[in-house]
Amino acid sequence: METNNSYIKHILFIWLLILAVLIIHTKGIYKFKFLEFNEASGHLQPLEMSYKEHNILGLKNIVYAVPFGPPFYHPNRKDKLDDSKTIRTYSISHAKYLIDNKIKKLDHFNIIDHYKGFNIFTNENGSKYFATLDYNISNLKFEYFKEYFPSLNIQELKKKIDKSF
Amino acid sequence: MIKVSEKYLLFFTFTSIVAAIFVKLIIYDNCFSFDIHDDSNHAFVNLKIIRETLFQFNFSFFNYFNNFGQPLLGDGLTYPFAIQSITYYFFEDHVAMTINRIVISFLSLIVGFIFFNLFFKNYIAVILSTLLLFNPIAFWYPVHHYQLTSFFYLSGLILVFKLCKKLDLKLLVLLFLVLVFFILSVSINNVVFSIPFFILFLLLQTNFTINKNFIIISSIAILSVIITLNQNIDFIINISRAARTNEFVYFSDLMNLREFFLSLIVPPTEWIPYIYGAHNQMTTYYSLPIIISIFYGFFNFQNKKENYKIFYTALLCGLLPQIFILVLNYFHQIRMHIPLIKAVDIKRFLYFSYPFALIFLGSFIQIVLNKKSKLITLILVFTISLIFFFFIYSSFEELEDSSYFYLYNYGIFSLVIILIGISQKLKLQKTKHLLTSIFIFSYFLTILPTMVIITGINKSCSGTQYFANKHEAKFIPYSFINLIEPYSRTIAEVHTHKGHGLRLGKHKIFGGDARGIILDKELGKYFESNNLVHVDQIPYGYYFKRPWKINELNSLGIRYIIVHKTNPINNSHLKFLSKDSGYLLYENTFKPSPIYFSSFDNKKKFIYDFYIKGNQIIINNLNKNNVPINQNLIITIRNRNDFIAYDNTGKKILVNSDNRGFISFKGSDLVGINNLNIKYSKNYTLYFIAEIIVCLLFSLFIFRKKYKI
């Protein structure tokens with residue numbers, strides 16, 4: 001019984017300690033790193049299903065075209081995404097272009113710059129620049145995963161973005 | 001027996017656990033514990049309506065204000081006779097819910113302790129009851145209709161256990177009350193899910209024999225079902241008409257077995273890169289220390305021969321169903337083909353299997369602290385598993401951005417077990433004592449992510465279902481309430497979870513949006529087919545949307561419209577009234593009322609002289625309107641065949657339905673009638689008499705000489 005009691009005392013002590021840590025952390029007196037857990041954000045959006053035997057999905061800023069058959073692998077699993085021939089790019093229209101033209105390169109997502117809530121990209125040969133709305137930004141005038149402000153260079157594109165406000 | 005000093009210790013321990021959960025209440029101003037969806041939108045509104053009707057001793061509860069009329073007795077979100085609804089008679093909604101949650105957490109810890117104390121020493125029972133309180137599925141749902149699940153379930157199990165040892169009249173009465181209030185207070189979904197566990201537990205206690213104890217205990221359970229039939233029959237009728245029944249709602253986004261495994265040891269919210277169905281992000285997380293402990297406890301269960309009953313109870317009611325449910329949850333392709341199961345969240349079975357699975361964890365703690373344990377096996381298992389977990393962390397790309405907390409937690413857990421083994425071998429008693437405390441601490445670390453993420457410790461006074469500012473218990477923006485005429489209808493082109501159409505009922509204003517368990521399927525179909533609504537959620541829910549067709553608005557009695565400020569209305573028949581909190585309020589210039597006379601050429605004469613009292617609509621001064629014989633009186637409330645109508649002399653009037661299913665009366669039936677009463681009236685008297693007779697007969701049967709207690 002003595003051991004029993006002493007273990008319960010220890011449990012009480014542990015919970016008082018947890019309580020104290022939570023109060024200090026929540027009040028902002030000291031922020032304990034170990035209490036800062038990751039929490040998911042954003043939604044996996046079905047953008048266009050069944051496009052030429054691909055499902056086109058959007059997640060954060062990336063458009064994924066997943067061929068019929070394999071599942072949608074975790075975005076960090078690059079090898080699996082390559083094995084399953086999942087295309088990664090910046091817009092719906094570009095995903096369709098890659099599917100239509102059976103382009104073998106799979107990863108086309110490469111942000112050049114961020115500007116006023118837009119992500120800036122260029123095409124394969126660098127002849128054209130355009131922007132997509134960043135997933136963290138809410139702007140009713142624009143849709144996510146669509147290309148806007150096609151331009152010949154970044155300066156021109158940024159001017160077009162400025163004008164849109 | 002527990003010593004007095006131990007009682008104080010337990011009291012302070014449980015108090016500190018509860019205080020840790022609700023710590024935000026004392027830190028933030030106006031912060032209370034309630035859910036801004038299920039509680040603010042449904043429970044608070046519906047319970048207020050019930051309070052207005054209950055003392056008329058009429059159980060035909062009805063909410064006229066939500067979604068063109070909703071019955072309340074069999075509603076899956078209200079539970080008018082729930083024991084936890086008593087607090088609302090004395091306190092404001094948000095205060096009442098906060099008190100309920102604090103008290104219920106405390107009581108759940110106590111019954112959890114008593115339950116585990118049936119099998120283990122006090123300190124092990126404390127550890128297990130704490131782990132059980134943070135059972136992810138139960139901890140996720142502190143809302144009105146789920147909050148008492150564990151309390152009543154465990155209370156029932158304790159009483160069944162005791163009654164199987166010795167029948168006692170007091171305990172039988174207590175069991176009856178526990179089961180009755182379990183059914184009245186908790187979602188029927190959960191009650192039904194608990195039945196197989198109760199039956200199996202009872203059978204295991206009686207060694208699978210149908211003896212006197214079995215018959216009496218199961219008869220008590222049947223009696224409790226009979227006495228609560230009204231509520232459940234109403235639910236069955238309502239749900240059979242509801243849109244939810246055939247929906248497949250609860251997908252699993254886990255793509256492969258690797259993700260399934262990861263979801264058990266690291267919360268999916270840590271590593272799935274998108275929001276994955278609210279509770280799915282946390283409710284499969286049990287942690288590696290707990291999972292390994294349960295399995296180790298199962299494979300090395302001590303004195304299996306003497307404790308075979310405990311072993312098989314933990315296995316059949318706990319571990320096997322727990323595995324089965326988690327696997328079935330993963331294979332949603334199978335689930336979606338099982339009738340009824342497809343419409344429910346099967347993870348809610350975990351409320352009932354987890355307490356039993358934890359018995360193996362209790363057994364594991366005994367093993368670790370037992371001097372005669374096989375130390376080599378223990379050390380080997382935990383060394384290998386630690387290396388294995390380290391390998392997972394370093395090689396699984398999914399965990400690249402995850403917190404290392406889970407790895408450190410398992411590191412502490414396994415190392416301390418290894419050290420306990422060594423100190424045992426070297427007979428270092430004091431060291432072992434200290435290590436044991438760290439060992440217990442490592443279990444409590446496993447539940448820290450559950451507590452921190454679910455209660456939103458890092459999110460000021462908000463965070464899923466746990467905390468909200470008190471103004472969120474009310475209609476937002478509250479300033480609009482003063483501009484809207486009572487007994488008019490207001491719709492909001494806003495997502496239904498915000499509850500605009502639902503919370504208006506508190507102010508005697510009709511709403512339009514649909515969100516709830518028993519929504520009428522046919523009505524929804526009608527609105528959808530006419531392109532009037534946008535279905536914004538699964539399970540089924542919708543709100544009214546543009547284009548605003550004035551004729552349709554008038555025929556549905558819609559006078560006010562609320563929209564986002566980013567999307568104003570440009571329509572000459574809709575007058576701008578006010579702007580607040582990002583919303584705009586407009587008024588239909590025709591000023592339609594939910595009640596009107598309608599001619600065959602669709603002309604309408606709106607009636608404003610009416611009010612609602614309890615479950616009645618009372619229309620006054622009909623004569624003033626020169627009741628047109630060739631027109632119909634339309635009440636834009638869905639006719640559920642349970643309405644009666646009569647005039648002020650008590651003469652009954654035939655209730656019809658229009659082509660949309662709304663209540664209507666022929667003008668010719670209303671000639672000479674000045675006051676019309678329409679009442680939602682389910683006749684429960686016969687039910688009650690039948691229930692009492694059956695209960696008496698049943699009691700006579702149970703307590704006859706043969707079964708004398």
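In what follows, chains are A, B, ... by sequence order, proteins preceding strands, each numbered from 1.
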Check: A:A40 main-chain N/O paired with B:T269 side-chain donor or acceptor under 3.5 Å: yes

A:F68, CZ: over 12 other non-hydrogen atoms inside 6.0 angstrom: yes

A:H10 side chain vs B:H433 backbone, donor-acceptor pair below 3.5 Å: no

Under 4.5 Å from a heavy atom of chain B, the part of A:I14 involved: side chain

Proximal to chain B - members of residues 119-132 of chain A, heavy-atom separation under 4.5 Å: none

Residue B:T15 versus chain A: region with a heavy atom under 4.5 Å: neither

Donor-acceptor contact below 3.5 Å, side chain A:N38 vs main chain B:W271: no

Parallel, tilted or perpendicular, as decided by the 30° and 60° cut-offs, for the rings of A:F37 and B:F405: perpendicular

Interchain contact, B:E398 with chain A, by part (heavy-atom threshold 4.5 Å): both

Contacting region of A:I18 [heavy-atom separation from chain B under 4.5 Å]: side chain

All pairs passing ring pair (Phe, Tyr, Trp, His ring centres under 6.0 Å) where residues 9-29 of chain B contributes a residue, at least two apart: B:F11-B:F106

Nearest-0.5 Å distance, CG of residue B:L10 to CG of residue A:L12: 9.5 Å

Heavy atoms from other residues, nucleotides or ligands near NZ of B:K121 exceed 12 (cutoff 6.0 Å): no

Side chain, backbone, both or neither of B:I27 within contact of chain A (heavy atoms, under 4.5 Å): side chain

Residue pair B:M451, A:L22: steps toward the side-chain contact (heavy atoms from CB on, under 4.5 Å) verdict: CA-CA 10 Å; B:M451 186 163 74; A:L22 286 173; 3.3 Å; yes

Max heavy-atom pair count under 4.5 Å with chain B, selected residue of A:H43, A:R77, A:E39: A:R77

Residue selection (most heavy-atom pairs with chain B, distance under 4.5 Å) from A:G28, A:P71, A:S41: A:S41

Segment of A:I23 engaging chain B (4.5 angstrom heavy-atom cut-off): both

Any A:Y7 side-chain heavy atom under 4.5 Å of B:V126 side chain: no

B:N570, CG atom: more than 12 neighbouring heavy atoms under 6.0 Å: no

With B:Y408 via ring pair (Phe, Tyr, Trp, His ring centres under 6.0 Å) - residues at least two apart: none

Set of ring pair (Phe, Tyr, Trp, His ring centres under 6.0 Å) partners for B:F441, sequence neighbours left out: none

Working for side-chain contact (heavy atoms from CB on, under 4.5 Å), residues B:M255 and A:H74: CA-CA 9 Å; B:M255 298 293 179; A:H74 193 287; over 6 Å; no

Interface moiety of B:M282 toward chain A, non-hydrogen atoms closer than 4.5 Å: neither

Distance in Å, B:L9 CG paired with A:N5 CG, rounded so as to fall on 0.5 Å steps: 5.5 Å

Most chain B-contacting option - heavy-atom pairs closer than 4.5 Å, from A:L59, A:L17, A:V21: A:L59

Within 6.0 angstrom of B:K565 NZ, more than 12 heavy atoms from elsewhere: no

Distance in Å, A:I8 CD1 paired with B:N122 CG, rounded so as to fall on 0.5 Å steps: 5.0 Å

Greater than 12 external heavy atoms within 6.0 Å of B:Y404's OH: no

A:K60 side chain to B:P273 backbone, donor-acceptor under 3.5 Å: yes

Between OG on residue B:S5 and NZ on residue A:K9, distance to nearest 0.5 Å: 7.5 Å

Region of B:D401 in contact with chain A, defined by heavy-atom distances below 4.5 Å: both

Side chain, backbone, both or neither of A:F13 within contact of chain B (heavy atoms, under 4.5 Å): neither

